[in-house]
Amino acid sequence: MKVVVCAAATFGALLASYSAFRPVRDALILDGDPDQIPWLFSATFVAVLAVAPLWGTVVKRGPRHVVPIAFHVFALCAFAFAAVIRSNASPVSVGRVFYVWSAVFNLFVVSVFWSLLADLLGPGSARRLYGPIAAGGTIGTIVGPLLAKALLGTIGVAGIVAVSGLLLEVAVIGVTLLKRVAFVEDGAADPPVEGSALDGVRHVIGMPYLRSIVGYVLCTSCAATFIYLAQAHIVHDLLADRTARTDYFATIDLYVSIATLVIQLVLAGPLIGWIGPGLVLCVLPLVQVTGLTTLVAVPSLAALSVVLVVGRTATHGLTRPARELLFTVISREDKYRAKNVIDTVGYRLGDFGASWLGKGLAAAAGGALVAGVAVLGVGWIVLATLLGAGFRRRIKDTP
């Protein structure tokens with residue numbers, strides 16, 4: 001019980017940090033031309049390629065020790081961005097740099113937290129506990145947008161980013177408490193992760209199970225990017241004011257978080273335990289393909305709001321806990337190395353490719369985009385089915 005409380009509270013602080021500045025990020029980037037967004041995805045992919053090997057090297061010293069250090073580094077970056085944003089120097093350029101940094105923050109920080117959990121909990125415990133832990137994170141995603149909406153008029157955009165840094169420091173305290181609670185019985189040390197920084201890449205390439213996870217992540221990233229590009233153009237055209245855009249995005253995030261919390265508390269745990277992660281992972285392809293088709297037909301704020309709320313609720317409420325469960329049946333080394341490669345490089349590779357592909361398909365014709373999304377959905381569901389079968393095979397051999 002103590003492990004669940006500590007993990008849920010830590011994840012809540014972590015996601016409150018991210019979700020507080022997420023509306024700011026999405027609003028700032030629309031100060032410029034939304035057609036430039038594919039270049040930002042390209043820059044993000046390059047940044048992730050630089051960070052991933054560094055993490056692979058650092059983790060050799062003992063991953064449980066370096067996770068809070070990584071959180072400290074990102075918190076310091078948040079405080080630095082708050083100061084620069086407050087100075088109002090080169091707002092378009094700062095917004096673009098902030099976007100790239102926040103994209104790395106989102107994937108990297110969340111990934112290493114789940115790596116830590118996968119290390120601390122076996123598949124049996126994870127099946128029971130990932131739902132409540134994820135729900136704790138969702139409470140954080142409710143707190144973040146609420147803070148943004150409540151404080152935006154008082155402390156401004158820069159102040160919201162500074163608050164995010166403070167929340168990340170709270171998460172550092174939570175990680176420290178979580179490690180103490182998890183090892184209260186055996187007092188286990190923090191052994192280093194064996195191997196080199198590139199072993200994660202080699203294992204992902206060499207293991208069919210991990211390759212299937214990569215494929216699923218790429219499909220997830222592609223669909224999310226297609227929707228993000230549509231979102232950028234719709235909001236840019238219909239909401240000219242930065243504050244109005246920030247408030248709109250914060251409102252969407254709030255609705256998503258409330259709906260996700262209900263799904264996680266009521267449905268996620270029983271559903272994953274009953275039908276397994278494979279079938280649960282099939283839900284997101286159906287939802288996202290339907291959403292993308294809707295936005296092509298009805299590019300309005302009302303349609304966008306529904307698509308964002310439903311799609312992101314499915315992502316965070318069902319897909320995230322189901323996908324994280326897949327990593328509990330791999331080796332400890334792969335939980336830190338291979339998982340981080342998949343969650344960062346793999347995801348941003350999908351963003352990078354899909355941003356340019358989506359731009360090309362949208363320029364060709366709406367029908368081309370719909371056809372491409374339909375093909376994506378079929379492959380996505382096939383991968384989900386394969387992952388469910390692979391998980392069932394591996395869990396039989398995992399204590």
Side-chain angles (χ1 to χ4, degrees), residues 11 14-15 18-19 22 106-107 110-111 113-115 117-118 123 126-127 129-138 140-141 209-210 212-228 252-253 255-292 307-329 339 342-344 346-348 350-351 354 373 376-392:
F11 196 34
L14 187 63
L15 291 192
Y18 172 69
S19 60
R22 177 188 170 110
N106 177 31
L107 289 183
V110 173
S111 175
F113 175 77
W114 283 106
S115 293
L117 285 184
R127 273 190 168 184
L129 304 182
Y130 269 13
I133 292 172
T138 304
T141 64
Y209 183 72
L210 294 179
S212 295
I213 297 178
V214 171
Y216 189 91
V217 167
L218 287 173
C219 291
T220 303
S221 177
C222 285
T225 300
F226 289 158
I227 290 178
Y228 190 84
I252 293 296
D253 287 350
Y255 289 154
V256 169
S257 300
I258 294 172
T260 300
L261 181 61
V262 173
I263 293 294
Q264 287 172 336
L265 291 178
V266 176
L267 190 59
L271 193 61
I272 292 173
W274 179 40
I275 65 176
L279 290 179
V280 172
L281 290 173
C282 291
V283 173
L284 187 60
L286 299 173
V287 168
Q288 294 291 64
V289 168
T290 302
L292 281 162
V307 169
L308 290 177
V309 171
V310 175
R312 284 164 51 188
T313 297
T315 299
H316 301 304
L318 293 175
T319 302
R320 186 81 201 204
R323 187 167 69 83
E324 295 300 338
L325 186 60
L326 300 176
F327 292 103
T328 62
V329 292
K339 183 182 186 303
I342 293 171
D343 285 348
T344 56
Y347 203 99
R348 288 313 173 202
D351 286 346
V373 168
L376 174 71
V378 172
W380 202 353
I381 291 175
V382 170
L383 286 167
T385 305
L386 292 174
L387 284 170
F391 178 82
R392 290 192 297 272

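Only heavy atoms go into these numbers, but all of them, side chains included; no hydrogens, no water, no symmetry mates. The first residue of the sequence shown is numbered 1, and numbering continues consecutively from there.
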Practice task
May I ask you to test the Val280-Ile275 pair for a side-chain heavy-atom distance under 4.5 Å?
Solution key: yes
Interatomic distance, OH@Tyr228 vs OG1@Thr225, rounded to 0.5 Å, equals 10.0 Å
Scanning both residues in full, the closest heavy-atom pair of Gly311 with Val287 reads CA-CG1, 3.7 Å
For Ala314 and Leu284, the nearest pair of non-hydrogen atoms, with its separation, is CB-CD1, 4.0 Å
In the structure I gave you, are the side-chain heavy atoms of Ile227 and Leu308 within less than 4.5 Å of one another anywhere?
yes
With side chain to side chain contact (heavy atoms under 4.5 Å, CB included) as the criterion, how do Thr141 and Thr260 come out once you've worked through the C-alpha distance, each side chain's angles and the decisive distance to 0.1 Å?
CA-CA 9 Å; Thr141 64; Thr260 300; 5.9 Å; no
So salt bridge (charged side-chain N to carboxylate O under 4.0 Å, His left out) across residues 312-321, not counting sequence neighbours, yields Asp253-Arg312, Arg320-Glu324
Sequence neighbours excluded, the answer for side-chain hydrogen bond (donor to acceptor under 3.5 Å, both in side chains) partners of Tyr255 is none
Residues Ile213 and Phe327: closest non-hydrogen pair is CG2-CZ, 3.8 Å
Tightest non-hydrogen contact, residues Phe226 and Leu292, listed as CB-CD2, 3.4 Å
Hits for side-chain hydrogen bond (donor to acceptor under 3.5 Å, both in side chains) against Thr315, two or more places apart or cross-chain, chain-then-number order -> none
So Leu326 and Leu281, side chain to side chain contact (heavy atoms under 4.5 Å, CB included) or not? Walk me through it. CA-CA 11 Å; Leu326 300 176; Leu281 290 173; 3.9 Å; yes
Residues Ala354 and Cys222: closest non-hydrogen pair is CB-CA, 3.5 Å
**OP:** Applying side chain to side chain contact (heavy atoms under 4.5 Å, CB included), run through Leu383 and Trp380 and close with a yes or a no.
**Re:** CA-CA 5 Å; Leu383 286 167; Trp380 202 353; 5.5 Å; no
Tightest non-hydrogen contact, residues Ala322 and Ile272, listed as N-CD1, 3.8 Å
So SG of Cys219 and CG of Leu376: to nearest 0.5 Å the spacing works out to 4.5 Å
Looking only at atom types and distance, does a side-chain atom of Thr290 sit under 3.5 Å from a main-chain N or O of Leu286, one as donor and one as acceptor?
-> yes
The reported gap from CZ in Arg392 to CG in Leu387 (rounded to nearest 0.5 angstrom) is 10.5 Å
Point to revise | Derivation and outcome, side chain to side chain contact (heavy atoms under 4.5 Å, CB included), residues Leu386 and Tyr216 | key: CA-CA 10 Å; Leu386 292 174; Tyr216 189 91; over 6 Å; no
